[in-house]
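Below is one structure, written out as structure tokens, with a few remarks after it.
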Number of protein chains: 2
Amino acid sequence: MEKVTMADVAREAGVSKSTVSQYLNKRYEYMSEKTKQKIEEAIDTLGYQPNFLARSLKQKRTSLIGIIVANITHYFSTEVSRAIEDFFHQYDLQTIVCNADDDPDKEKKYIEMLRAKQVDGLIIFPTGKNNELYESMINQGYPVVFVDRKVENLDVFSVITDNTESTYKAIQHFIENGHKNIAFAVQPLTVSTRIERLEGYKKALNDAGLEVNPNYIIEASIPKMKKKLEELFSLDVKPTALFAANDRVFIALGEFLKEKGMKFGKDLDVVVFDNIPFSQMLETTLSFILQPAAKMGTKAAELLYQQIRKENHDPEVIVFPSEIK
Amino acid sequence: MEKVTMADVAREAGVSKSTVSQYLNKRYEYMSEKTKQKIEEAIDTLGYQPNFLARSLKQKRTSLIGIIVANITHYFSTEVSRAIEDFFHQYDLQTIVCNADDDPDKEKKYIEMLRAKQVDGLIIFPTGKNNELYESMINQGYPVVFVDRKVENLDVFSVITDNTESTYKAIQHFIENGHKNIAFAVQPLTVSTRIERLEGYKKALNDAGLEVNPNYIIEASIPKMKKKLEELFSLDVKPTALFAANDRVFIALGEFLKEKGMKFGKDLDVVVFDNIPFSQMLETTLSFILQPAAKMGTKAAELLYQQIRKENHDPEVIVFPSEIK
DNA sequence: GTAGATAGATAAATCGATTTACTAAACCGG
DNA sequence: CCGGTTTAGTAAATCGATTTATCTATCTAC
């Protein structure tokens, strides 16, 4: 059970370990055709499989890229991950995905684990709660790219969407359509994406000369969302439009409306911030803000690859526009 | 930049490497409080981080579990992965996910990569096209569990859903509701799940004394699905019900119906085999066959863990029932 | 015929940990 | 104070590759 080593191959082929290693690394320059064949045969008959741990230990690189997603069941995360994977595939770097589950402790554990395992670089959807750790990575010059969320006071490559701007436009659109009572539903304001979206909302209202009504802003975790929606819709002046700050908020909203017998488009105009796989099937008049997930993934991968190759530029924040549909 | 080794710590603390190693592995039996503190300080001042490659090389285990999913953007895969991850988290084993993208070559590459990287075990959503490789793993006693799809003639632990049975029931339900012309849409019959679902369909029709009309069975890749649906709905006797063999088929169907101005429930009764995240929001009378993804993941993880611990049982196939909703 | 170049292959050091076998000092009872 | 046990710590082998410096034999040129 798995114990054929290079030494065994060398013995079988009647050559030295070094020569076998040369062969494996395709350095055929100074190697006779005969030796090559002998090694080939030996590998075959023994069923030799190289041990990458040993190789990586010596070479100080693993040809592995780590992705730490905030939540693996988010469609956006998986789309980004796939794009990253496709990019690195062409350079024979492999990708592993870990799921931090929006839990800073888990995130920390995974970062430490992946670094201890010597992955060549890291792409992170940061929880934003491990600043010390982030800083130490960056100071040590370890290749890292942040995706989706910005972390304040950190000089690091980041790839994000223009959250404020696209929310602004969506709200503006509501206003143009005559809406005056526009609500905003969001999960706790712990990450930059949520905060920026809220900013866009407020700015759009202000710029249109509308008052920001705190009762129309509901900030709650998903399990508590329905209760908050209940409160929102028992106000004297009910909102006629609502901005759902991401897909999970949207689901909670959908369940709520269904219970109340209300309909999207008819009883409430809704915009959702996110890519939703089945959106085109919903027979309603919803709008969605679509982030260019694939492009963002590819860009993040490129930025990481540059760092790994030590083609150093100064860290920059790449902002992608999103599309309202 | 990252080069503090155990030897450095040992020098700094004025002890030997061995002692530092003992400390790191929490074998404090024969170690004075003073030494312990000196080592602690040394690690702190130097910012030492152990290199797991070296450790794993020696220990011959990596505390890493590999998951190879057929398609990472499938909700079902991510749900299963999360459950697996949760399970192993409690034993301090970490999980990495690789995306084979339903491509046997990629699958092969990832299996070989993960094995070369010495992961302790593998959970695979098999493409079914790498039998030789599967066999060699199993013969070598390498810990493996297959999920979602069965591979013929292979004595391996598998966790699957009762595809035939639940499809049977769904079709039976159609029949009880008076449907006689029931269609079945599926991607190419390359994996067991699709084949078994088709079997359930045929069996239900047969048992009800209905004829299996080959024109009602459409087998096409997603890009070609719409064209095939076109043909299906230009038949003289159009189907009144349709079974979509998975979520991607369902999306294609949804787009098709939208184009034609047809409505779910009204113009066509539909059952979908899969967990669809936004299903509860669709304002239609669709039915879904839900697989117990989390339970399946946990079970697969358990089976793998037993193998890793060498608590050997004979390979078994665990079949989970799914629920029609 | 000899110095130098070249082709083909190897020995040995190395990567950074773990682990086993061993030693040295302290302790302890009679 | 002597032999045996504990306690505390270490040297050296090891894991399985890569890589560098070295070596030998053959070839070439003058």
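In what follows, every chain begins at residue 1, and chains take the letters A, B, ... in the order their sequences are listed.
Following rounding to the nearest Å, B:Ile43 (CD1) and C:dA17 (C1') show an atom-to-atom distance of 13 Å. Per the geometry, NZ belonging to B:Lys58 stands 8 Å off P belonging to C:dT20, to the nearest Å. Between B:Met31 atom CE and C:dA25 atom C1' the separation is 17 Å, expressed in whole Å. Rounded to whole Å, atom C1' of C:dT19 lies 14 Å from atom CG of B:Leu24. Look at OH on B:Tyr28: it is 18 Å from P on D:dT7, rounded to the nearest Å. Look at NZ on A:Lys26: it is 16 Å from C1' on D:dT18, rounded to the nearest Å. Taking atom NZ of residue B:Lys17 and atom C1' of nucleotide C:dT20, one finds them 14 Å apart after rounding to whole Å. Distance, A:Met6 CE to D:dA17 C1': 5 Å, rounded to whole Å.
Nucleic acid contact class of A:Ser56 (heavy atoms, under 4.0 Å, all strands): none. Within the 4.0 angstrom heavy-atom criterion, no nucleotide atom of any strand lies near B:Val20. Residue-level contact check: A:Thr19 touches the bases, meaning some heavy atom is under 4.0 Å from a base atom. Within the 4.0 angstrom heavy-atom criterion, only backbone atoms of the sugar-phosphate kind lie near B:Thr5; the bases stay farther away. B:Tyr48 comes within contact range of the sugar-phosphate backbone alone, with a heavy-atom separation under 4.0 Å but no base atom that close. Among the protein residues, B:Arg61 comes within range of no part of the nucleic acid, since none of its heavy atoms lies under 4.0 Å from any strand.
The phosphate of D:dC15 (OP1 or OP2) has no side-chain N or O of A:Asn51 nearer than 4.0 angstrom. Between B:Ser18 and D:dA12 there is no side-chain polar atom (N or O) within less than 4.0 angstrom of OP1 or OP2. Phosphate proximity of C:dT18 to B:Ser21: present, with a side-chain N or O under 4.0 Å from OP1 or OP2. Distances shorter than 4.0 Å separate some side-chain N or O of A:Arg27 from OP1 or OP2 on D:dT19.
Of all heavy-atom pairs between A:Glu112 and A:Leu133, the closest is OE2-CD1, 4.4 Å. The shortest heavy-atom contact between A:Ile124 and A:Val144 is CD1-CG1, 4.1 Å.
Taking the charged nitrogens against the carboxylate oxygens, B:Lys3 and B:Asp8 have no contact shorter than 4.0 Å, which rules out a salt bridge. Between A:Lys109 and B:Asp92 there is a salt bridge, with a side-chain nitrogen of the basic residue lying less than 4.0 Å from a carboxylate oxygen of the acidic one.
For the pair A:Lys299 and A:Phe320, the cation does not sit on the ring face, since its NZ or CZ is not both under 6.0 Å from the ring centre and inside 45° of the axis.
If you check C:dT18, D:dA17, C:dT10 against the side chain of A:Gln22, the one that comes closest is C:dT10. Ranking D:dC15, D:dT20, C:dA9 by closeness to the A:Thr35 side chain, first place goes to C:dA9.
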